[in-house]
**Student:** 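The following block contains the structure, expressed as structure tokens.
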Amino acid sequence: MTDFAPSQNPGDTPVSYDPAAIERKWQARWDSQGTNSPDLAKAAQPYYALMMFPYPSAEGLHVGNLFAFTGCDIHGRFQRLQGHTVFEPFGYDAFGIHSENYAIKVGVHPAELIPKNIDNFRRQLLRAGLMIDWRHELSTTDPSYYKWTQWVFLQLYKQGLAYKKKAAVNWCPFDKTVLANEQVQGGLCERCGTAVEQRLLEQWFFRITDYAERLLNNLDGLDWSESTKTAQRNWIGKSEGAEITFAVQDVLEFAGSATASAGVSQEFSVLPTEIRVFTTRPDTIFGATYLVLSPEHPLVDTITSDDERDSVAAYVALASKQDLVSRKTSKEKTGVFTGAYATNPGTGHPIPIWIADYVLMEYGTGAIMAVPGHDERDFEFARQYDLPIVRVVAGPAHTDHSPLGDEAFTETVGCHLVNSGRFNGLSVADGKAAIVTELAARHSATPVVNYRLHDWCISRQRYWGPPIPMLYCDSCGTVPVPEEQLPVLLPQIEDFKPDDSGISPLARHEEWYITKCPTCGGEARRETDVSDTFLDSAWYFLRYPSSDRDDVPFDSELTKKWLPVTSYIGGNEHAVLHLLYSRFTTMVLKDAGFLEFEEPYVKFRAHGLIVREGAKMSKSKGNVVNPDEYINEWGADSFRTYLMFLGPYEEGGDFRDKGISGVRRFLDRLWRSAHDARSDGAVDPGVARKLHQTIKKVGDDVPRLGYNTAIAAMMEYMNTMRSGERTPHVDEVRPLVQLVSPFAPHIAEELWSVLGGTTSVFDAGWPVFDPSLVVEDQFEMPVQVNGKRRAAIMVPKDITQAEAFAVAMKDVGVAKFVVSEPKKIVFVPGRMLNIVV
RNA sequence: GCGAGAGUGGCGAAACUGGCAGACGCACCAGACUUAGGAUCUGGCGCCGCAAGGCUUAGGGGUUCGAGUCCCCUCUCUCGCACCA
């Protein structure tokens, strides 16, 4: 236990509240006494309070950051007061495009810039009084960290979960880099807003889709807010259906212009061609009146008839040029007929095959069976090109030939199949099963599950990231860098700007990428791409407890003790990607035998967003709150408490410049109360009652992040304690100092010591309420007549209905409305009385 | 379009399983103390009304003794996804 000498002797002249002085004093003391650095190995009740680590921007800490961190800090401090050993580490997610672009803009190397930004962040965080264990601080840009990021990559590679493929990737012409699908927002680059182009490059991918089912199923058991789970479920996007094979009817035609021009002899195609489609509605097969291929579908050339070859070629060329923006924003559906027909395996009839860009190559098989009667997109397309629309599903009110009207009929519940041969009359669900069974028997259908989730592309053709630890050797092929050779250091190069070539800046440095093959000793070439920032943050929580260890990524004993993370708090903007990627990484490491758990975060809560005066904060609007200024003027304790007071933590709030004065007034009163408190005489019973109610309320609110109402409750107690200018008793003030401590830690330490505390207030535990004092023995009973409140009368809590009625009728305000014998009396004991006349 | 959430005084917001709507705070008004001060303290503060009283939780309907809360319809806003078959 640390030694905390009392700050003031009784009889000293009280000094006025000077936040700057006492905050400096206690920050220094926490540091020198190691107050915030628990012994991780010895902790009896470990509580890992994790906050999402930030990108250390050059602008310094944003109020949004501080709002997030303070909320986590209060949670952590509260858990400590509950007797847990709380580990609250901090770090910096400092690799990535963001830092690199800024470095390019100001013309300073990121390796110089980042340490400065980090120093500034640390300075600001220290001033904010967070309970951070600075001994475990980390930055993802530190070779002692990214050595293990590379190690994580190698584990994925060893598990067969990292692979390289040539893929059409999203290319941002402004940032000059490949973007993950997740970094493309509506066809625009998430960072700079430039329209994204498609490029074909060799990329490293992680097989996250192998884990789709597990990532989905595990969600049910997690203590996360429902909205976050929903977002993850939607992102994974599971859909169950079937792949159905359609035979293309033979068309006499040349095998294709590509082969012809290559000099291969021209032949008539007589081979039966098949098209596989994915559908979630195999029950509607009889309504499939045409097929649609994506313009990039490999069979386009094969099936197109000579007559249509020119128009198809034109359409495909147009579609490939069109960027994603116009493709996604244009409402009109376009397409072109191939001249070919396929056989509907349900009806046996020929149906035309079309090409249209509303069918995406990336999803399913890149081909669909179009059922315009029961799919909105197909309906729209069929209308556009005058294709037949058939009803095969009918609701209870429909006959077999009820017209479909102006839109597709997409309902399924309580509906049955019609115009579907022997499947007529079956419910949609039964029809699905029956039709798939039937087609499967004919080898033309397979039940299939599809996911929206794509494999995770982790290659970046950029400089500021961990080099991917792979080598290419002419004789040995693709070779992983041996673990003992890690880290593959990112070289200090000056020409780190990306260019238009699609090659990483590292590829311009032969002296770096030419190396020796660890297998054969011959010449090898390093992978010149770096990995995605999301990989850095996918495992950082594992590193914190062991951040001082050089020999292992994470110590197994410490990991067993401290992980999974007890409580994780962060922004909702990471509700999908970061959380999904870290869950995936954890599962892989578990499967590889490095971990004993597979879900990294037992509990996750997302905090809200701060706006200012009703508007979003942005540099261009010039309404960004600079935490330094507010801390200078009001003190960190007031600033922290105000941030938590301005709205519900999980929803965010509106920062109003004058609002902080109310919180500061509250702390001023607390200061005076503690200094003026009397130790003689007795505690007022009414105040004591309010105190115990407040202890309960704050203790209930804080764990559920109800910070704003907890603060309101403490203010109420303050008002009670000081009402009528009375001088509070020491025993009335001391518990309040404890309640306030998670929010305003410095003033709490100071006043705790003024009131005679000899340890840190954070080692003093949490006050205990007396349940008998929490319940009032009297209450103001509202009396309603016909549901309208006519009076409120002070009565004993345990008053009976008869007594309550008698008391109520003595009240003139009530009696005058009870003009006749009551028809009914509704009495809720301890709550209210309603007289119905 | 789909998914998630929200709509309450001048403002930020409270309200447990349906039970006094507006706690707490800002702003504002009045007063006290004062060497007129961005200090402190006291009181007031949803709307209409002199009052009795009436009205009031985006709008409309419903269930109920009783609805901000539950159900149905409509409108508005925020966020996420966006032709995923």
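Nothing here was measured: the structure is a model prediction, and the numbers come from that model. Order of the sequence lines sets the chain letters (A, B, ...), proteins ahead of strands, with each chain counted from 1.
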**Student:** Side chains of S673(A) and R722(A): is there a donor and an acceptor less than 3.5 Å apart?
**Tutor:**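 A donor-acceptor contact under 3.5 Å links the two side chains.
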**Student:** Using O4'-C1'-N9-C4 for purines and O4'-C1'-N1-C2 for pyrimidines, with syn meaning within 90° of 0, is rG80(B) syn or anti?
**Tutor:**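 With its glycosidic angle more than 90° from zero, rG80(B) counts as anti.
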**Student:** Starting at CD of E296(A) and ending at P of rC83(B), how long is that distance when rounded to a whole Å?
**Tutor:**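 Rounding to the nearest Å, CD of E296(A) and P of rC83(B) are 13 Å apart.
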**Student:** What's the CD1-C1' distance between I355(A) and rC83(B), to the nearest Å?
**Tutor:**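 After rounding, the gap between these two atoms is 17 Å.
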**Student:** Whether the side chain of K333(A) and the base of rC83(B) hold a donor-acceptor pair under 3.5 Å is what I'd like checked.
**Tutor:**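 Answer is yes: a donor-acceptor pair is held.
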**Student:** Fill in the dot-bracket string of RNA chain B, one character per base: . for unpaired, | for a pair to another strand, ( ) or [ ] for pairs within the strand, taking Watson-Crick or G-U pairs under 3.5 Å.
**Tutor:** (((((((..(((......[....))).(((((.......))))).(((....)))..(((((..]....))))))))))))....
**Student:** When rounded to the nearest Å, what value does the distance between C1' atoms of rA82(B) and rC47(B) take?
**Tutor:**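 These two C1' atoms come out 44 Å apart once rounded.
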**Student:** To the side chain of R665(A), which of rC55(B), rG12(B), rC26(B) is closest?
**Tutor:**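 Nearest to the side-chain atoms of R665(A), counting from C-beta on, is rC26(B).
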**Student:** Yes or no on side-chain contact (heavy atoms from CB on, under 4.5 Å) for R281(A) and V371(A), after CA distance, side-chain angles and deciding distance?
**Tutor:** CA-CA 9 Å; R281(A) 299 289 309 274; V371(A) 185; over 6 Å; no
**Student:** Using OP1 and OP2 only, check whether a side-chain N or O of N719(A) sits under 4.0 Å from rG25(B).
**Tutor:**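 The answer is yes; a side-chain N or O of N719(A) sits under 4.0 Å from OP1 or OP2.
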**Student:** Respond yes when some side-chain nitrogen or oxygen of N708(A) is under 4.0 Å from OP1 or OP2 of rA14(B), and no when none is.
**Tutor:**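 Result: yes.
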**Student:** Specify the separation, in whole Å, of atom CZ of R233(A) and atom C1' of rC2(B).
**Tutor:**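 To the nearest whole Å, that distance equals 17 Å.
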**Student:** Starting at CZ of F655(A) and ending at P of rC11(B), how long is that distance when rounded to a whole Å?
**Tutor:**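 The answer, rounded to whole Å, is 20 Å.
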**Student:** Checking contacts here: which listed nucleotide (rG12(B), rG19(B), rC24(B)) is nearest the side-chain heavy atoms of V828(A)?
**Tutor:**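 Of the candidates, rG19(B) comes closest.
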**Student:** Provide, to the nearest angstrom, the distance between the OH atom belonging to Y363(A) and the P atom belonging to rA82(B).
**Tutor:**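 Distance, rounded to whole Å: 14 Å.
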**Student:** From the options rC41(B), rC26(B), rC81(B), select the nucleotide whose nearest atom is closest to the side chain of S661(A).
**Tutor:**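 Nucleotide nearest to S661(A)'s side chain: rC26(B).
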**Student:** Quick one: does any side-chain atom of T284(A) pair with a main-chain N or O of G287(A) as donor and acceptor, under 3.5 Å?
**Tutor:**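 Judged by distance alone, no pair lies under 3.5 Å.
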**Student:** Does the N450(A) side chain pair with the main chain of E240(A), one donor and one acceptor, at a distance under 3.5 Å?
**Tutor:**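 Not at all, since once roles are kept as given, no pair shorter than 3.5 Å links the two residues.
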**Student:** Any N or O donor-acceptor pair linking the side chain of Q232(A) to the base of rG80(B) at under 3.5 Å?
**Tutor:**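 Checked by distance alone, the answer is no.
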**Student:** Say whether T641(A) and R664(A), considering side chains only, have a donor N or O and an acceptor N or O under 3.5 Å apart.
**Tutor:**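 No, no side-chain donor-acceptor pair sits under 3.5 Å.
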**Student:** Which residue lies toward the 5' end of RNA chain B, A367(A) or G659(A), if each is placed at its nearest nucleotide?
**Tutor:**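 The 5'-side residue here is G659(A).
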**Student:** Which nucleotide, rC11(B), rA85(B), rC24(B), lies nearest any side-chain atom of D375(A)?
**Tutor:**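 Out of rC11(B), rA85(B), rC24(B), the nucleotide with an atom closest to D375(A)'s side chain is rA85(B).
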**Student:** Under 4.0 Å between a side-chain N or O of S239(A) and OP1 or OP2 of rA85(B)?
**Tutor:**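 For S239(A), the contact criterion (side-chain N or O under 4.0 Å from OP1 or OP2 of rA85(B)) is met.
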**Student:** Taking rA30(B) as the reference, what is the distance to rC65(B) when you measure between their C1' atoms (whole Å, please)?
**Tutor:**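 Rounded to whole Å, the distance is 42 Å.
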**Student:** Are the side chain of T280(A) and the backbone of S239(A) linked by a donor-acceptor contact shorter than 3.5 Å?
**Tutor:**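 Checked: no pair found.
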**Student:** Hey, does the side chain of K816(A) come within less than 4.0 Å of rG53(B)'s phosphate (OP1/OP2), counting only N and O?
**Tutor:**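 Indeed, a polar side-chain atom of K816(A) lies that close.
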**Student:** Mark yes or no for a side-chain to base donor-acceptor pair under 3.5 Å between R831(A) and rC16(B), with no hydrogen or angle criteria applied.
**Tutor:**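 Donor-acceptor pair under 3.5 Å: yes.
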**Student:** Among rA27(B), rC20(B), rA14(B), which is the nearest nucleotide to the side chain of Q784(A)?
**Tutor:**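 For the Q784(A) side chain, the nearest candidate turns out to be rC20(B).
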**Student:** State which of rC83(B), rC24(B), rG38(B) makes the closest approach to the side chain of D357(A).
**Tutor:**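 Looking only at heavy atoms from C-beta outward on D357(A), the closest nucleotide is rC83(B).
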**Student:** For V826(A) and for F278(A), find the nucleotide of RNA chain B with the closest heavy atom, then tell me which residue's nucleotide is more 5'.
**Tutor:**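 Counting from the 5' end, the first nearest nucleotide belongs to V826(A).
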**Student:** Where does the angle between the aromatic ring planes of F534(A) and H574(A) fall among parallel (under 30°), tilted (30 to 60°) and perpendicular (over 60°)?
**Tutor:**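 Perpendicular.
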**Student:** If you check every side-chain atom of Y358(A), which of rC81(B), rA13(B), rC83(B) has the closest atom?
**Tutor:**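 My answer, after comparing the listed nucleotides, is rC83(B).
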**Student:** Please check if any side-chain donor atom of R640(A) sits under 3.5 Å from a side-chain acceptor atom of T70(A), or the reverse.
**Tutor:**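 There is no such pair (donor and acceptor under 3.5 Å, judged by atom type) between the side chains of R640(A) and T70(A).
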**Student:** Distance check, P atoms only: rG62(B) and rC24(B), in whole angstrom units.
**Tutor:**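 rG62(B) and rC24(B) have their P atoms separated by 36 Å.
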**Student:** Determine the interatomic distance between C1' on rG68(B) and the same-named atom on rA14(B); round to the nearest Å.
**Tutor:**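 Pairwise C1' distance, rG68(B) against rA14(B), rounds to 11 Å.
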**Student:** Between rA27(B) atom P and I660(A) atom CD1, what is the distance in whole Å?
**Tutor:**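 In whole Å, rA27(B) P lies 12 Å from I660(A) CD1.
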**Student:** OP1 or OP2 of rG12(B) less than 4.0 angstrom from a side-chain nitrogen or oxygen of K658(A), does that happen here?
**Tutor:**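 No, K658(A) has no side-chain N/O under 4.0 Å of OP1/OP2 on rG12(B).
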**Student:** Report the nucleotide, chosen from rC81(B), rG25(B), rA15(B), that has the shortest atom-to-atom distance to any side-chain atom of T709(A).
**Tutor:**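 The answer is rA15(B).
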**Student:** Using the test ring-ring contact (aromatic ring centres under 6.0 Å, His included), find all partners of Y385(A) that sit at least two apart in sequence or belong to another chain.
**Tutor:**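 Counting only residues at least two positions away or on another chain, Y385(A) forms a ring-ring contact (aromatic ring centres under 6.0 Å, His included) with W354(A), F381(A).
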**Student:** Does the cation-pi check pass for K797(A) over F779(A), that is, NZ or CZ under 6.0 Å from the six-membered ring centre and within 45° of its axis?
**Tutor:**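 Output yes; distance and angle both within limits.
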**Student:** Side chain of T338(A), backbone of I353(A): donor and acceptor closer than 3.5 Å?
**Tutor:**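 Checked: pair present.
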**Student:** Give a yes/no answer on whether the side chain of R790(A) brings an N or O atom under 4.0 Å of OP1 or OP2 in rG54(B).
**Tutor:**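 Answer is yes, contact under 4.0 Å.
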**Student:** Roughly how far apart, to the nearest Å, are rU57(B) and rU8(B) at atom C1'?
**Tutor:**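 Per the computed distance, 4 Å lies between those C1' atoms.
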**Student:** Taking rU74(B) as the reference, what is the distance to rC79(B) when you measure between their C1' atoms (whole Å, please)?
**Tutor:**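 After rounding to an integer number of Å, I get 22 Å for this pair.
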**Student:** Output yes when at least one side-chain N/O atom of R789(A) is less than 4.0 Å from OP1 or OP2 of rG19(B), else no.
**Tutor:**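 False: R789(A) side-chain N/O out of range (4.0 Å or more) of rG19(B) OP1/OP2.
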**Student:** Would you indicate which nucleotide in rA39(B), rG19(B), rG53(B) comes nearest to any side-chain atom of N834(A)?
**Tutor:**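 Comparing rA39(B), rG19(B), rG53(B) against the side chain of N834(A), the answer is rG19(B).
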**Student:** Roughly how many Å is it from CZ in R672(A) to C1' in rC41(B), rounded to a whole number?
**Tutor:**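 Checked: the CZ to C1' distance equals 9 Å.
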**Student:** Taking the P atom of each, how far is rC26(B) from rU40(B), in whole Å?
**Tutor:**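 To the nearest whole Å, 10 Å.
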**Student:** Please give the distance between the P atoms of rU17(B) and rU69(B) as a whole number of Å.
**Tutor:**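 Straight-line distance between the two P atoms is 14 Å.
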**Student:** Atom CD1 of I275(A) to atom C1' of rA85(B): distance rounded to whole Å?
**Tutor:**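 One finds 15 Å between C1' of rA85(B) and CD1 of I275(A), rounded.
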